[in-house]
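Working notes, structure below.
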Amino acid sequence: MITILKSNENIQQKLKQILNRNHTEQNNAQQTVDDILYNIKKNGNDALFQYTKQFDGITINEQNIKVTEQEFEYAYKQVSPELIAVIQKAVKRIKQFHQKQKLNSWLEPSTNGEMMGQLIRPLEKVGIYVPGGKASYPSSVLMNAVPAYVAGVSSIVMATPAQKNGRVAPTTLVAAKEAGVNEIYKVGGAQAIAAFAYGTTCIPKVDKICGPGNIYVALAKKSVYGQVNIDSVAGPSEILVIADDSANAVYVAADMLSQAEHDEMASAMLITDSETLAQEVQKQLQLQTEQLERKNIIQKSLDEYGFIVIVKDMNEACELGNIIAPEHMEICTKQPFSLLPHIQNAGAIFLGEYTPEPLGDYIAGPNHVLPTSGTARFFSPLSIDDFIKKSSILSFSKNAFMDLSHDIITFAEGEGLTAHANAVKVRREQL
């Protein structure tokens, strides 16, 4: 049963337990990952094919590693027209949202001969990792690929493990085609991350790697950061609901369970100023859990990382919410927009009882790749910004240069960098 706490009862200890949980610290997987990265870097395709056979039970080679047009056509025949239409609708909404984030290059001259600006360019090649095998996650494909496509990335390539029949899950292929993915490779795990980072004769080296994965994928992404860029290392999923006595306990419990079902380390939390609501939600969590397929996972999640906190008022609720800095924050109160100015830290904020978290997961439009484990204090959702790079532009006339030249020399000599100062002095002497 999920714990109900008063705001002054062991809440700091519970928060520490939740904020410190981390998939990448579950076991000693780093050495395995290091070995895989080294082997792929050294032996390329041979190591890649070997690991795919070893871990996924699939035989791949240079001829079948890449998904063909015939496989795409087959996938479209396997997916219902209704689901294809929903995927297309989601793509449209995600594109519309992310197009509003686009930035333009700018160049600003001044009257004294200075010109400053910023050149904005999309990344050339992005690698998207999508978990596969037994499960299919078309929503993950869309949330990673569509922003890259809107940003103007030239080549979006994807890696995902094939199923036992040697094919990639049909819904994954449909989502990839609709989202603008250029190429798909049938590899998974740390070996796929290594191939993206170092390149092989089959898989191109990319500029950035995005997408979720298991502990081996997460550790591999951490290890290759610097060789390539990465989006983030995602922690376990979490939801925090802030609610008052007007909230529907059935809805609140259902939304908490929607995240608790992800895995045993997911966290579902409720902060409320209503003891009655707290007790009703506690009951609903028990009742609804019994009806759900993943009830064993849910129960472990609630027991270890779930809680309900009763606070004195909504101000305290917001303060506590900002400390938690959750991935998903739902505000289910009489006037949810009135609390928005008080929210400092959250990955995504869902306002009102008819804005449940799954809306954001699938079709609303904002990205569902969000900061976890308290990192919403300094990280943002995946966006267009993750797929662009910026260059500064400077241009000075003779007069503009002379206006600042003495200051530059003073600064450079103050740092003991006489060659810097000299680069300015030689120009001053000629002018």
Side-chain angles (χ1 to χ4, degrees), residues 23-24 29-30 32-34 36-41 44-45 47-48 51-52 55-56 65-67 121-133 137 139-161 168 172 175-176 179-235 367-372 375 379-389:
H23 276 314
T24 61
Q30 186 64 58
T32 300
V33 169
D34 290 344
I36 291 171
L37 295 177
Y38 176 78
N39 199 4
I40 296 290
K41 187 176 183 180
N45 288 338
L48 191 63
Y51 286 129
T52 303
F55 296 130
D56 300 329
I65 187 174
K66 184 177 173 181
V67 172
R121 291 284 185 261
L123 302 181
E124 292 181 19
K125 195 178 292 287
V126 168
I128 294 173
Y129 184 82
V130 177
Y137 300 99
S139 63
S140 181
V141 177
L142 301 187
M143 293 297 179
N144 283 276
V146 171
Y149 179 85
V150 174
V153 173
S154 304
S155 179
I156 305 170
V157 297
M158 193 172 99
T160 187
V168 173
T172 298
V181 173
N182 301 106
E183 300 171 355
I184 301 177
Y185 299 94
K186 302 174 186 176
V187 293
Q191 59 271 25
I193 303 303
F196 276 155
Y198 307 123
T200 75
T201 56
C202 287
I203 297 180
K205 172 180 167 57
V206 300
D207 301 313
K208 185 164 188 171
I209 302 172
C210 298
N214 61 19
I215 182 175
Y216 298 97
V217 170
L219 289 172
K221 286 172 67 178
K222 285 179 69 175
S223 297
V224 300
Y225 176 66
Q227 181 75 27
V228 294
N229 198 1
I230 64 171
D231 51 353
S232 64
V233 179
N367 210 289
H368 79 195
V369 181
L370 303 168
T372 58
T375 59
F379 280 146
S380 304
L382 193 73
S383 72
I384 295 296
D385 290 345
D386 289 282
F387 301 102
I388 62 172
K389 54 187 177 180

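Every value quoted in this text rests on a predicted model; they were computed, and no experiment measured them. Both backbone and side-chain heavy atoms feed into the values below; hydrogens, waters and symmetry mates do not.
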field: Chi angles and distances behind the side-chain contact (heavy atoms from CB on, under 4.5 Å) call for Phe387, Val150
entry: CA-CA 9 Å; Phe387 301 102; Val150 174; over 6 Å; no
- request: Mind checking the OG1-CZ spacing from Thr32 to Phe55? Nearest 0.5 Å is all I need.
  value: 7.0 Å
Beyond-backbone contact of Pro212 with Pro131, side-chain heavy atoms, under 4.5 angstrom: yes
task: Taking all non-hydrogen atoms of both residues into account, name the closest pair between Ala195 and Ile203 and its distance.
output: CB-CD1, 3.9 Å
Nearest heavy atoms of Val157 and Pro204, plus distance in Å: CG1-CG, 4.3 Å
task: Mind checking the CG-NZ spacing from Asp207 to Lys389? Nearest 0.5 Å is all I need.
output: 6.5 Å
- line: Interatomic distance, OG@Ser140 vs OH@Tyr129, rounded to 0.5 Å, equals 10.5 Å
task: Give a yes or no answer on whether the side chain of Asn367 reaches the backbone of Ser383 with a donor-acceptor pair at less than 3.5 Å.
output: no
query: CG of Asn144 to SG of Cys210: how many Å apart, nearest 0.5 Å?
result: 5.5 Å
Closest non-hydrogen atom pair, Tyr149 against Gly180: CD1-CA, 4.0 Å
query: Do Val206 and Val126 pass the side-chain contact (heavy atoms from CB on, under 4.5 Å) test, and can you show the C-alpha distance, the side-chain angles, and the key distance before you say yes or no?
result: CA-CA 5 Å; Val206 300; Val126 168; 5.8 Å; no
- prompt: Quick one: does Ile65's side chain get under 4.5 Å of Thr52's, heavy atoms only?
  reply: no
- prompt: What's the shortest heavy-atom distance between Lys208 and Leu123, and which atoms?
  reply: CB-CD1, 3.8 Å
message: Testing the basics here: between Gln227 and Lys205, what is the closest heavy-atom pair and its distance to 0.1 Å?
response: O-NZ, 3.4 Å
- prompt: Given Tyr51 and Ile40, is the side-chain contact (heavy atoms from CB on, under 4.5 Å) satisfied, shown in steps?
  reply: CA-CA 9 Å; Tyr51 286 129; Ile40 296 290; 3.9 Å; yes
field: Reported CD1-to-CG distance for the pair Ile193 and Leu219, which is rounded to 0.5 angstrom
entry: 11.0 Å
- prompt: Just how far is it from atom CG of Leu382 to atom OG of Ser232, taken to the nearest 0.5 Å?
  reply: 7.5 Å
message: Given 3.5 Å as the limit, does a donor-acceptor pair link the side chain of Asn39 with the main chain of Ile36, or not?
response: no
- prompt: Just checking, is any N or O donor in the side chain of Glu183 or Ser155 under 3.5 Å from an acceptor N or O on the other one?
  reply: no
query: Taking all atoms of both residues into account, what is the closest heavy-atom pair of Gly211 and Asp231, and its distance?
result: N-OD2, 3.0 Å
